[in-house]
Amino acid sequence: MKRGSKIWLATMLSYADRFVAFAFPLLVLKWLGRPDTYAAVEYVLSLSLILATFFDAGLGSYVLYHSRISRNAQLTTTRTQQAYLPIYLLQLIAIAVSVVLCYLAVQPSIELDLIVLGITRACALTVIRLTTQLLILHGRPAVAPLLSLSHWLLSAAAFALPSSANTLSFVTVFFGASILVMVGLSALAWLRRIGPISSQGLTHLRDAFVWGWPILLAAAASMLVMNYSKVYAYSQLPTHEMIGFTFWLRIFSIIQLSHVALMSVLSLQIYESSSPGIIHDNLRRYAGYLAVPAVVSAAIALIAPSIGQDLPRLPLTAMAAIGTYILMWCAGAYLENYLTRDSRNVRVLVSSIIASSVYAGTLMFAPARSAAALATIMCISAATYLALLVHSIKRNI
């Protein structure tokens with residue numbers, strides 16, 4: 001299949017996966033009319049996404065880099081599978097310990113059960129991430145969204161529960177079925193190909209962590225800006241601006257979805273290239289495909305007043321700032337690959353810390369009183385990160 005066809009196929013499947021991920025939690029709120037259950041679902045989703053960032057110890061990020069230096073995709077696959085086994089065993093121990101602590105808790109509460117579900121789902125997301133990276137390595141990026149999409153569809157079983165089912169029962173079925181499938185199928189695909197824990201696997205895992213720890217910390221710093229902005233909007237902005245801010249941030253996230261799909265196809269070319277600096281053909285393809293969702297998002301923002309009165313409203317300046325931030329975030333996430341392929345991970349970390357510090361400092365000394373101001377501060381942080389990455393890439397040429 002040609003690269004252009006792979007991009008479009010991966011993009012469409014990614015959109016389908018993200019649409020279901022976007023819609024299902026909202027169905028809990030709108031269709032079932034259960035705000036307490038919706039809050040529990042969002043809690044598990046947020047916790048699992050944060051934990052999953054660190055639960056593979058950098059192994060997922062290391063896949064393409066190891067293939068670049070080894071020049072042997074099959075060797076990378078074998079070593080990754082061997083390195084995954086000790087991680088998998090540690091994850092099972094973490095799940096078991098969390099279940100026991102939850103059972104022995106002096107004051108049982110639903111929050112403890114949700115934490116167990118969050119930890120378990122984070123382990124499942126780790127399996128999906130590693131599988132996705134190996135599919136990218138072997139030129140099959142469109143298969144990865146199918147794994148995630150299938151688990152979301154199985155989550156629909158929770159909607160068949162009787163209306164009398166309590167919140168814990170609903171979220172357990174909602175996440176339990178998908179977790180069972182993700183862990184079961186992925187473990188079957190992985191563990192049947194590898195034997196017991198080996199020295200090669202442990203060495204590969206150590207090398208992945210030594211190489212990838214700056215990326216893990218950089219990801220944490222990046223998550224701070226996005227997630228703290230939502231918390232800040234919730235606590236500091238007027239209700240209508242808070243709702244508008246989070247709503248339009250989600251609408252413009254379709255650009256990020258396209259970025260993820262694009263990188264599943266284009267990142268391999270970046271890592272395989274031995275030329276210094278940016279690959280202009282790769283960049284043109286990235287910018288060209290990303291322009292489509294950017295234009296669509298902008299069009300939605302412009303015609304929003306005529307679509308319906310129920311849509312959350314924000315001034316055009318605020319929506320423009322949110323869209324600009326998302327675009328700069330995507331550009332930074334794209335350029336990171338040129339530094340990580342050359343093992344300049346510490347530069348990525350330093351750039352991320354500086355950008356996050358600019359965000360926190362600006363917000364501290366000039367508190368945002370509107371969605372437009374908050375989005376502008378996010379833009380300043382993203383622009384700082386982007387400028388630092390460009391500077392670092394130029395230094396490598």
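For the numbers below, each heavy atom of this structure counts, side chains included, while hydrogens, waters and symmetry mates do not. This chain uses plain numbering: 1 for the first residue, then up along the sequence. What you are looking at is a predicted structure, and each value in this text was computed from that prediction instead of being measured.
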**OP:** Say whether F175 and L149 are linked into one hydrophobic cluster, either directly or through other cluster members, by side-chain heavy-atom distances under 4.5 angstrom.
**Re:** yes
Original post:
Judged by modelled atom types alone, do T126 and Y84 share a side-chain donor-acceptor pair under 3.5 Å?
Top reply: no
Subject >> Shortest non-hydrogen separation from N345 to P214 and the atoms involved >> reply: O-CB, 3.5 Å
Original post:
Is there a donor-acceptor contact under 3.5 Å from the side chain of E241 to the main chain of A371?
Top reply: yes
Subject >> Hydrophobic cluster identity match, V260 and V265, side-chain contacts under 4.5 Å >> reply: no
**OP:** Find out whether Y385 and M328 are in side-chain contact, i.e. whether some heavy atom of one side chain is under 4.5 Å from a heavy atom of the other.
**Re:** no
Original post:
Short question: side chain of T340, backbone of N337 - any donor-acceptor pair under 3.5 Å?
Top reply: yes
Original post:
Side chain of S370, backbone of A373: donor and acceptor closer than 3.5 Å?
Top reply: yes
**OP:** Grab the two heavy atoms, one from Y325 and one from A382, that are nearest each other, plus how far apart they are.
**Re:** CD1-CB, 3.8 Å
Original post:
Considering all heavy atoms of both residues, which atom of L51 and which atom of A122 are nearest to each other, and what is their separation?
Top reply: CB-CB, 3.6 Å
Original post:
Hey, would you say the W329 and H259 ring centroids sit under 6.0 Å apart?
Top reply: yes
Subject >> Considering all heavy atoms, the nearest Y338-I393 contact >> reply: CB-CD1, 4.1 Å
Original post:
What are the two closest non-hydrogen atoms of T53 and D56, and how far apart are they?
Top reply: O-OD1, 4.0 Å
Original post:
Considering only heavy atoms from C-beta outward, does the side chain of I115 approach that of S98 to under 4.5 Å?
Top reply: no
**OP:** Take atom CZ of F209 as the centre, draw a 6.0 Å sphere, and report whether it contains more than 12 heavy atoms from other residues, nucleotides or ligands.
**Re:** no
**OP:** Flag yes if I380 and M319 sit in one hydrophobic cluster, no otherwise; membership is Ile, Leu, Val, Met, Phe, Trp, Tyr, and two members link when side-chain heavy atoms are under 4.5 Å apart.
**Re:** no
**OP:** Check the side chains of N166 and S169 for a donor-acceptor pair under 3.5 angstrom, ignoring hydrogens and angles.
**Re:** yes
**OP:** May I ask whether L316 and I326 are part of the same hydrophobic cluster, defined by side-chain heavy atoms of I, L, V, M, F, W, Y residues being less than 4.5 angstrom apart, directly or through others?
**Re:** yes
**OP:** Show your reasoning for whether side chain to side chain contact (heavy atoms under 4.5 Å, CB included) applies to Y334 and S267.
**Re:** CA-CA 8 Å; Y334 171 80; S267 58; over 6 Å; no
Subject >> Donor-acceptor pair between S61 and R129 side chains, under 3.5 angstrom >> reply: yes
**OP:** Applying salt bridge (charged side-chain N to carboxylate O under 4.0 Å, His left out), run through R347 and D342 and close with a yes or a no.
**Re:** CA-CA 11 Å; R347 292 187 186 178; D342 296 326; over 6 Å; no
**OP:** Measure from the side-chain N and O atoms of S352 to the backbone N and O of V348, and report whether any donor-acceptor pair falls under 3.5 Å.
**Re:** no
Original post:
Do any N or O atoms from the side chain of D113 and from the backbone of L168 form a donor-acceptor pair under 3.5 angstrom?
Top reply: no
Subject >> Pair F170 + F159: ring centers closer than 6.0 Å >> reply: yes
Original post:
Do the non-hydrogen side-chain atoms of H204 and L59 ever get within less than 4.5 Å of each other?
Top reply: yes
**OP:** Give a yes or no answer on whether the side chain of S273 reaches the backbone of Q269 with a donor-acceptor pair at less than 3.5 Å.
**Re:** no
Subject >> Side-chain touch N72/S67, heavy atoms, less than 4.5 angstrom >> reply: no
**OP:** Determine the minimum heavy-atom distance between A375 and I322, stating which atoms define it.
**Re:** CB-CG1, 3.7 Å
